[in-house]
Amino acid sequence: MPATPALEGTCKLLPGPSAARFETVATEYAALASAYGPRNVLVVKRHPTGLERIAARVADSSETTETPRSPRVESVPEHASKVLEEFDPTLDRLEYEERIELISLVIEGMSREVPPYLERAAAHESFVRDVGQLLLEATRQRITLADLEDLGESPHECLAFLYAINDRFHEELASRGYVERADVIPRAVELLEDDADGLRTRVTDSIDAVLAIEFEEYRRLDRRYLAAISDGAELVCLGERHASVERTRVEPGRIENLVGPGLTIETLEGNAGERDRPAADRPHGGIVRFLATGEGPTAGTSHAKRIRTRTAREQAKAVATEIQALRDRHGWRYDEFAIGLPRIERVPETRRLLREAGIPTATIGTPSLAEDPAVNELYAFVTVQCDRERSGPSHGEHGSDRDRDAAIERLRARVEEFSPALLEECAGASVSRSIARWIRLTDLKGRIAASEEWVDAREQYDGIRRVLEIARFVEETDLVGPDWQGLRRMLRRTIQYDAPYVHAVETRTPTGGVAVRSVDDLKDDSREAVFVLDLIDEAYPGEQFLTQLFPSAWLREMATYPAVTDPEPSAVASTFAPVDPGDDLASPFETYHAQRSRRRLALAARAARSALYCCSYERGSGGLRRTYDESRFLKLIDSTPGLVLEDVDNRTGAAIHGETNAIEALLDQPRGELERVIREASTGGEADLAETEALFEEIALVLEEGDLDPALAEAIRSQFEFAAGEVIRRD
């Protein structure tokens, strides 16, 4: 067997999270391209997010004017997929929907007794998602029950059960010729290290140099993969100290202490780029450095804006108002703004609130199918076809008549020309062709284009594509019957277990609207203004780390859980700079993951070029009293000399920006202003009408710039008449 290659080359690290990282990548690439030729240099990034930005920066930078406009830039998972395909072109990569169906069948067929705790936990809404994430992480790290038992490990009974499911699942995958996404890198590592059929030689023949970027996030198997593809080539690794979030979730320590003696470590200084300045030169640069390293500003002050509201809904409204104000002031496009949320599950609600306030939004990934109107229409179509296909009793499906009636009502509401004849015309032996016929005959895509913003239309088109892919899979697999019943079962399960924005990662930067994302996805982003929402202690750092599946007390005892669960105090200090080696840590586990949360904030703050906004809202405290429970990290910033948080005026009397906010103010203000005047008069005070008059004039000016729907204009006129005492209108 060929020797396992080791990392050999140079590891260049920026001293901290740097705004000049893109320019540094371009500079290092230009040097390698000049020495070896552009087509012989491979640039690999650990995660696919932000890949398009890196490729564009490398191609457009003045440092690389002599290189091709399309350099070889790939993510590690993407490159590993191509390696697997070269070794075995017949392998099929399992799609997310297919994975849901297959693992469900494996669970149903398990003979192993389910631990009582998991039976109870299954009732929780997040159970399926939490189990799925745990199994994906175990796959990425190649953790198997057999290997753990060979090493003499005794996993907790719940972990043993879940790992057994995962092992059985992958046996089923292998028998069907599938490979799932999480298993791509581990499988490719084995093949390359074994040099199976000369694979490593073929892969490395066209590579003279490898530039590995985002190196601080490369895990153990990622580093082994990098060593294999860079065997015989010059290797340059670029990373940032104090910037690892994903790797440190599963592996403590700083990257330079984990790479072995073959890599020479160099420290770089951040250089100002064409558009990116070092983080310290930005208004909030000192805050970024403080969050990442614990170091305060050395000179001058560093400042960010702070938005405080009463509720999460008001928080989104205040952000929308501020975005409109910044657009008016600076002329920034909507896609120059980004909003970071602590959890991906907060994305759908936040997007909805922003759109209600007139802010177009975009995001990376695919929304949940359950939220997609086009998918719901197609599911209704499938439900009705199931009922038409079924003869005799309803096969024990409770509520099938009710489901059919609801589906028919949905179709009538969506399609004007709906009729039984239309359903008959779209029925056929092939479920995928029948769905395609429905889409064509009812002009589903045309209806979407006519009624939706283009960002929403693009997402609904993607939902249609996913439904068609599921239909084709049903016809090709033996997992379910290739008929309407089988399609409905798989589509229902996919919609039920589908989590928003987590399973389809796009490398394309979202455009056309404000980017609404998890703060983790802001690490590779750069926007004029960034709003970090939900900055309350419950979210940063939070109380429950890693997963909601198990209590924290259990996690600390689960040595075989696929994450850092029982770090030594020395490991906490060696991983995170704000922790001093002499600190007496009451709970190393909680301290470790709280520091990861603090670092997430630092990287999200780094994404802002011109303005950073820290946003929070009140929380109830068990009774009628409400209180601000700001994140402890915001309180640290507030108490550190040289760091300033400037409060944004979000009072109702503040300037109104945007037609939607003006309309809302129009509908709310007349009666409210009348009540204010009456209240002043009843208490013997003097009512100053100047402020009210100025407000109404501002509203009128804003509304004059837009075309109002007649019904809305009538509603607004009615509000003023009601305020004037005309309670009953007689036309």
Side-chain angles (χ1 to χ4, degrees), residues 16-17 46-47 49 130 133-134 137 140-141 214-220 222 239-258 287-295 340-346 502 517-524 532-550 552 555-556 558 561-581 583 585-607 614 631-637:
R46 173 58 191 91
H47 294 291
T49 53
D130 294 336
Q133 290 175 342
L134 188 154
E137 195 55 56
R140 290 188 185 104
Q141 298 181 45
E214 198 181 45
F215 188 61
E216 72 279 357
E217 297 290 23
Y218 281 60
R219 304 178 180 186
R220 177 179 57 86
D222 303 325
E240 299 173 295
R241 288 192 172 101
H242 315 298
S244 171
V245 175
E246 287 300 313
R247 179 188 59 80
T248 51
R249 185 179 190 274
V250 302
E251 180 184 76
R254 299 183 186 177
I255 189 65
E256 60 264 40
N257 299 326
L258 301 169
I287 293 175
V288 175
R289 182 173 57 247
F290 174 74
L291 288 171
T293 68
E295 299 174 5
L341 294 156
R343 304 185 316 278
I344 203 73
E345 293 81 9
R346 285 275 289 125
V502 299
R517 316 167 69 173
S518 161
V519 291
D520 298 320
D521 293 328
L522 289 175
K523 177 178 181 178
D524 299 302
V532 183
L533 272 58
D534 299 356
L535 271 168
I536 58 177
D537 216 52
E538 188 180 67
Y540 299 98
E543 301 172 350
Q544 195 166 25
F545 302 109
L546 298 180
T547 182
Q548 301 178 57
L549 188 59
F550 301 118
S552 295
L555 286 172
R556 286 193 288 266
M558 289 181 167
Y561 188 87
V564 177
T565 59
D566 188 23
E568 294 291 333
S570 58
V572 181
S574 67
T575 306
F576 301 103
V579 181
D580 189 273
D583 288 347
L585 305 180
S587 171
F589 171 80
E590 292 179 357
T591 303
Y592 184 93
H593 290 288
Q595 289 299 321
R596 282 186 63 246
S597 180
R598 175 173 172 164
R599 186 173 284 181
R600 293 168 71 213
L601 281 182
L603 297 173
R606 189 262 302 270
C614 302
S631 165
R632 67 192 67 174
F633 304 132
L634 271 189
K635 294 175 182 176
L636 272 175
I637 292 171

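If you read the sequence from its start, that first residue is 1, and numbering goes on from there.
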Side chain to side chain contact (heavy atoms under 4.5 Å, CB included) between F290 and R598, intermediate numbers included: CA-CA 10 Å; F290 174 74; R598 175 173 172 164; 3.9 Å; yes
Sequence neighbours excluded, which residues qualify as ring pair (Phe, Tyr, Trp, His ring centres under 6.0 Å) partners of F576? Y592
Which residues satisfy the ring pair (Phe, Tyr, Trp, His ring centres under 6.0 Å) test with Y540, sequence neighbours excluded?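 Scan of Y540 (ring pair (Phe, Tyr, Trp, His ring centres under 6.0 Å), adjacent residues dropped) gives none.
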Yes or no on side chain to side chain contact (heavy atoms under 4.5 Å, CB included) for L258 and Y218, after CA distance, side-chain angles and deciding distance? CA-CA 10 Å; L258 301 169; Y218 281 60; over 6 Å; no
Side chain to side chain contact (heavy atoms under 4.5 Å, CB included) evaluation trace for V564 with T575: CA-CA 12 Å; V564 177; T575 306; over 6 Å; no
Taking all atoms of both residues into account, what is the closest heavy-atom pair of A594 and F633, and its distance?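 Closest heavy-atom pair between A594 and F633: O-CZ, 3.4 Å.
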For P578 and A292, work out which heavy atoms get closest and say how close. CD-O, 3.8 Å
Going by the rule side chain to side chain donor-acceptor pair (under 3.5 Å), which residues pair with [X] if we only count those two or more places apart in sequence or in a different chain?
| X | value |
| --- | --- |
| R220 | none |
| D534 | Q315, R346 |
| E251 | R223, R247 |

Is the backbone of [Y] close enough, under 3.5 Å, to the side chain of [X] for a donor and an acceptor to pair up by distance?
| X | Y | result |
| --- | --- | --- |
| S631 | I536 | no |
| R599 | S244 | yes |
| T565 | M558 | yes |
| R254 | S574 | yes |
| R600 | P342 | yes |

At what distance, to the nearest 0.5 angstrom, does [atom1] of [X] lie from [atom2] of [Y]?
| X | Y | atom1 | atom2 | value |
| --- | --- | --- | --- | --- |
| D566 | Y561 | CG | OH | 15.0 Å |
| L341 | D521 | CG | CG | 10.5 Å |
| H242 | L603 | NE2 | CG | 11.5 Å |
| L546 | D130 | CG | CG | 11.0 Å |
| R241 | E216 | CZ | CD | 11.5 Å |

Measuring only between side-chain heavy atoms, which start at C-beta, is P541 closer than 4.5 Å to H593?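 Side chain of P541 against side chain of H593, heavy atoms only: no contact under 4.5 Å found.
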Side chain to side chain, L134 and T547, heavy atoms closer than 4.5 Å: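 In short, these two side chains do not touch, never coming nearer than 4.5 Å.
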Are a donor atom and an acceptor atom from the side chains of E137 and Q133 found within less than 3.5 Å of each other? no
Step by step, would you call K523 with E240 a salt bridge (charged side-chain N to carboxylate O under 4.0 Å, His left out)? CA-CA 12 Å; K523 177 178 181 178; E240 299 173 295; 5.3 Å; no
Please identify each residue that fulfils side-chain contact (heavy atoms from CB on, under 4.5 Å) with E246, with sequence neighbours left out.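 Partners of E246 by the side-chain contact (heavy atoms from CB on, under 4.5 Å) criterion, ordered by chain and then number, come out as H47, E217, R219.
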Look at atom CD of E568 and say whether more than 12 heavy atoms of other residues, nucleotides or ligands are closer to it than 6.0 Å. no
Applying the side chain to side chain contact (heavy atoms under 4.5 Å, CB included) test to L535, which of V532, D537, L533 qualifies? V532
Pick from L522, D524, D520: which one makes a side chain to side chain contact (heavy atoms under 4.5 Å, CB included) with T49?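 Between T49 and the candidates, side chain to side chain contact (heavy atoms under 4.5 Å, CB included) is satisfied uniquely by D524.
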